[in-house]
Amino acid sequence: MPELSLSGEPEVRVTLRRSAQARRMSLRISSLDGRVTLTLPKRVSEREGRAFLLEKEDWIRSHLARQPERIDVGIGISLPIEGRTITIKAGAGRRVRHAEDALVVPEPAPARRLERYLRELARDRLAAASDLYAERLGRRYSSLTLRDTRSRWGSCSSAGGLMYSWRLILAPPDILHYVAAHEVAHLKEMNHSRAFWAAVEDIHGDYRDQRHWLQTEGNALHRYRFEENVERD
């Protein structure tokens with residue numbers, strides 16, 4: 001998508017969207033990663049969009065100031081993995097490996113290597129948790145996929161397919177288990193009725209602390225960015 005920007009410190013990049021349905025210009029700031037999106041009606045010019053953006057600059061910056069600070073993952077950075085703070089260190093070889101409270105990641109492209117490692121670890125943990133809760137529920141799921149979703153931590157399709165955010169591996173294990181139990185419970189109740197929440201509690205136990213943690217702390221998991229840093233002129 002095309003981008004606009006607000007110069008200054010820091011520079012704010014704004015994604016520009018065109019919408020045939022939009023009747024007026026609108027701004028959206030993602031609560032997950034701070035992405036700013038400007039939506040323009042089909043007949044509104046980009047010049048008008050820039051003027052609108054400048055008019056709203058103070059509002060944009062004040063909202064961004066309340067966002068969790070973005071952390072570009074790389075060598076020397078610490079991040080949470082399964083409830084523990086782990087430091088990323090450079091190392092030789094081809095595989096990511098543990099070394100006490102550190103992960104040794106080969107170069108080049110350590111961020112991408114680390115993301116692949118975390119996705120594999122998340123799949124292992126989520127598959128084990130899903131199997132556990134599906135057995136307790138007495139139902140089977142048809143598939144398990146991982147994505148980097150922005151709007152939800154998991155989902156369950158009508159065909160029994162489970163989808164999870166791989167970033168759950170950055171949360172404490174009990175949070176990952178709660179989300180797995182939540183989605184598995186949808187194999188029985190495709191809604192959020194009292195019967196659904198009773199199913200969650202039946203297979204998981206009390207879930208209120210975990211649910212509250214996701215509501216208050218979950219967004220911070222999206223501040224860790226795994227794009228490789230590229231120097232530009």
Side-chain angles (χ1 to χ4, degrees), residues 30-35 66-73 77-88 96 98 101-103 111 114-137 139 141 143-157 160-226:
S30 170
S31 62
L32 297 180
D33 60 7
R35 181 175 298 182
R66 297 195 293 269
Q67 294 280 334
E69 180 184 1
R70 168 177 170 147
I71 298 176
D72 292 310
V73 173
I77 292 296
S78 295
L79 73 161
I81 301 175
E82 295 191 285
R84 297 173 56 203
T85 300
I86 303 294
T87 300
I88 310 306
V96 176
H98 281 272
D101 288 331
L103 275 178
L114 181 60
E115 181 180 343
R116 287 195 296 270
Y117 170 83
L118 292 175
R119 283 178 178 268
E120 292 172 4
L121 186 61
R123 177 175 290 279
D124 179 68
R125 300 294 191 261
L126 284 162
S130 299
D131 289 347
L132 171 66
Y133 296 121
E135 182 178 357
R136 290 181 182 178
L137 190 68
R139 300 290 178 95
Y141 59 92
S143 63
L144 188 155
T145 58
L146 298 183
R147 297 177 185 170
D148 194 3
T149 49
R150 297 173 181 273
S151 60
R152 58 178 65 186
W153 295 108
S155 65
C156 177
S157 72
L162 302 178
M163 184 282 296
Y164 297 108
S165 167
W166 68 264
R167 289 178 182 268
L168 286 166
I169 201 62
L170 303 178
D174 63 318
I175 305 302
L176 180 148
H177 270 257
Y178 158 66
V179 175
H182 182 116
E183 300 311 332
V184 165
H186 280 307
L187 296 171
K188 182 179 180 181
E189 299 286 343
M190 288 295 292
N191 50 59
H192 286 100
S193 63
R194 290 184 179 180
F196 165 78
W197 291 110
V200 175
E201 191 157 14
D202 186 48
I203 62 176
H204 175 274
D206 185 52
Y207 55 83
R208 291 165 183 81
D209 286 347
Q210 291 79 21
R211 189 182 183 202
H212 179 72
W213 190 96
L214 278 175
Q215 292 169 342
T216 58
E217 307 293 335
N219 281 357
L221 302 183
H222 290 273
R223 63 179 173 163
Y224 297 98
R225 308 303 290 274
F226 291 79

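Residue numbers start at 1 and run along the sequence shown.
Rounded to the nearest 0.5 Å, atoms SG (Cys156) and CZ (Arg139) are 10.5 Å apart. Atoms OH and CD1, from Tyr207 and Ile175 in turn, are 14.0 Å apart once rounded to the nearest 0.5 Å. Taking CZ of Arg167 as the reference point, atom CG of Leu118 lies at 9.5 Å (rounded to 0.5 Å). In this structure, the separation between CG on Leu170 and CG on Leu121 is 10.0 Å, given to the nearest 0.5 Å. The OG atom of Ser30 sits 7.5 Å away from atom CG of Asn219, with the distance rounded to the nearest 0.5 Å. Here Arg211 contributes atom CZ and Thr216 contributes atom OG1; the two are 12.5 Å apart, rounded to the nearest 0.5 Å.
Identified under the side-chain hydrogen bond (donor to acceptor under 3.5 Å, both in side chains) test for residues 196-206, with sequence neighbours left out: Asp206-Arg208.
Smallest separation of non-hydrogen atoms from Arg119 and Asp148: NH2-CB, 4.1 Å. Of all the heavy atoms in Val184 and Ser130, the pair that sits closest is CG2-O, 3.9 Å. Here the closest non-hydrogen pair linking Ala127 and Leu144 is CA-CD1, 3.7 Å.
Applying the 6.0 Å contact sphere to CZ of Arg225 captures more than 12 heavy atoms from other residues, nucleotides or ligands.
At least one side-chain heavy atom of Pro80 sits under 4.5 Å from a side-chain heavy atom of Tyr224. In this structure, Thr85 and Asp101 have side chains that are not in contact, with every pair of non-hydrogen atoms separated by 4.5 Å or more. Residues Leu103 and Ile81 form a side-chain contact, since some pair of their non-hydrogen atoms from C-beta on lies under 4.5 Å apart.
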Walk me through it: do Glu120 and Arg116 pass the test salt bridge (charged side-chain N to carboxylate O under 4.0 Å, His left out)? CA-CA 6 Å; Glu120 292 172 4; Arg116 287 195 296 270; over 6 Å; no
Mind running side-chain contact (heavy atoms from CB on, under 4.5 Å) on Val179 and Leu126 for me, showing each step along the way? CA-CA 9 Å; Val179 175; Leu126 284 162; 5.8 Å; no
Assess the residue pair Thr149 and Met163 against the criterion (side-chain contact (heavy atoms from CB on, under 4.5 Å)); give the C-alpha distance rounded to whole Å, side-chain angles, the decisive distance to 0.1 Å, and a yes or no. CA-CA 9 Å; Thr149 49; Met163 184 282 296; 3.7 Å; yes
Trace of the side-chain contact (heavy atoms from CB on, under 4.5 Å) decision for Trp213 with Asp174: CA-CA 10 Å; Trp213 190 96; Asp174 63 318; over 6 Å; no
Decide side-chain contact (heavy atoms from CB on, under 4.5 Å) for Ile77 and Asp72; before the verdict, give the C-alpha distance in whole Å, the side-chain angles of both, and the deciding distance to 0.1 Å. CA-CA 8 Å; Ile77 292 296; Asp72 292 310; over 6 Å; no
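Taking the six-membered ring where tryptophan is involved, the planes of His192 and His186 are perpendicular, since the angle between them exceeds 60° and thus also 30°.
Between the side chain of Arg125 and the main chain of Pro173, no donor-acceptor pair closer than 3.5 Å is present. Between the side chain of Arg136 and the backbone N or O of Ile203, at least one donor-acceptor pair lies under 3.5 Å.
Remark: Ser78 pairs with Thr87 by the side chain to side chain donor-acceptor pair (under 3.5 Å) rule, at least two apart or across chains.
Remark: of the listed residues Tyr164, Phe196, Tyr133, Trp153, Phe196 is the sole one forming a ring-ring contact (aromatic ring centres under 6.0 Å, His included) with His182.
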